[in-house]
Amino acid sequence: MADIEKDCREFHARTGMLPPGKSEAVAAIGQINFDRDEVRLMLWRLYSRLKAENAIVQIGLDESVKLQSHYAELLNMHDGGQRICFKSANDWLERLEQLRCEKEGE
């Protein structure tokens, strides 16, 4: 346990963050004395990283929905189909939620 605690402390000293969680590591983290400012800083860093990653995923989803809608429109013109063309990723997500609710209602 002393080695894990040492590793946790070194990881925290290098990165300012908590190490990824194995049960032993999580137990050792409890023995590290963080003051409130350190905890706030760690949480802010985590929040900032997650927010940035979410923004990247949102951009990718928006572009994917644009392409899907464009191809759906082209195919509808080609064969007279009834494919749905979504205006935004949010519209697409709402449709997924609607389908999920319909499926659960069966």
Side-chain angles (χ1 to χ4, degrees):
M1 182 71 156
D3 290 336
I4 294 171
E5 183 178 345
K6 181 182 172 198
D7 292 344
C8 289
R9 289 179 189 278
E10 288 174 0
F11 183 86
H12 177 264
R14 279 194 324 273
T15 64
M17 299 187 71
L18 300 175
K22 293 182 179 172
S23 59
E24 299 89 6
V26 171
I29 289 167
Q31 298 177 16
I32 301 172
N33 294 322
F34 298 112
D35 66 22
R36 284 185 179 170
D37 291 337
E38 286 178 308
V39 172
R40 285 185 188 137
L41 181 60
M42 286 187 289
L43 290 173
W44 180 253
R45 286 179 180 159
L46 178 61
Y47 169 77
S48 298
R49 188 174 73 210
L50 291 174
K51 187 175 177 182
E53 289 173 2
N54 185 43
I56 292 168
V57 170
Q58 184 65 43
I59 290 168
L61 181 58
D62 289 339
E63 291 302 313
S64 179
V65 169
K66 282 182 197 175
L67 284 173
Q68 181 275 337
S69 293
H70 176 71
Y71 287 120
E73 185 178 345
L74 291 175
L75 288 169
N76 286 343
M77 289 187 312
H78 176 72
D79 64 7
Q82 299 289 323
R83 294 168 190 87
I84 299 172
C85 299
F86 298 99
K87 294 179 182 177
S88 69
N90 286 335
D91 289 347
W92 180 76
L93 290 169
E94 287 173 10
R95 176 66 176 149
L96 283 181
E97 180 64 17
Q98 181 184 37
L99 291 172
R100 185 187 65 78
C101 290
E102 289 173 8
K103 185 176 181 180
E104 288 178 356
E106 292 178 349

State, yes or no, whether a side-chain contact exists between K66 and E63 at a heavy-atom distance under 4.5 Å.
yes

Answer yes or no: does atom CD of Q98 have more than 12 heavy-atom neighbours from other residues, nucleotides or ligands under 6.0 Å?
yes

Measuring from W92:CH2 to S64:OG, what's the distance to the nearest 0.5 Å?
7.0 Å

Cluster link L67 to F86, ILVMFWY, side chain under 4.5 Å
no

Using a 3.5 Å distance criterion without hydrogens, assess whether the side chain of N76 forms a donor-acceptor pair with backbone atoms of R83.
yes

For the CD atom of E73 and the NE2 atom of H70, what is their distance to the nearest 0.5 Å?
7.5 Å

Just checking, any donor-acceptor pair under 3.5 angstrom between side chains of D62 and Q58?
yes

Measuring from atom CG of N90 to atom CG of L61, what distance do you get when rounded to the nearest 0.5 angstrom?
8.5 Å

Rounded distance [0.5 Å steps], CG in L96 versus CG in D91
11.5 Å

Show your working on side-chain contact (heavy atoms from CB on, under 4.5 Å) between I84 and S69 and close with a plain yes or no.
CA-CA 7 Å; I84 299 172; S69 293; over 6 Å; no

Return the CD to OG distance between E53 and S48, rounded to the nearest 0.5 Å.
11.0 Å

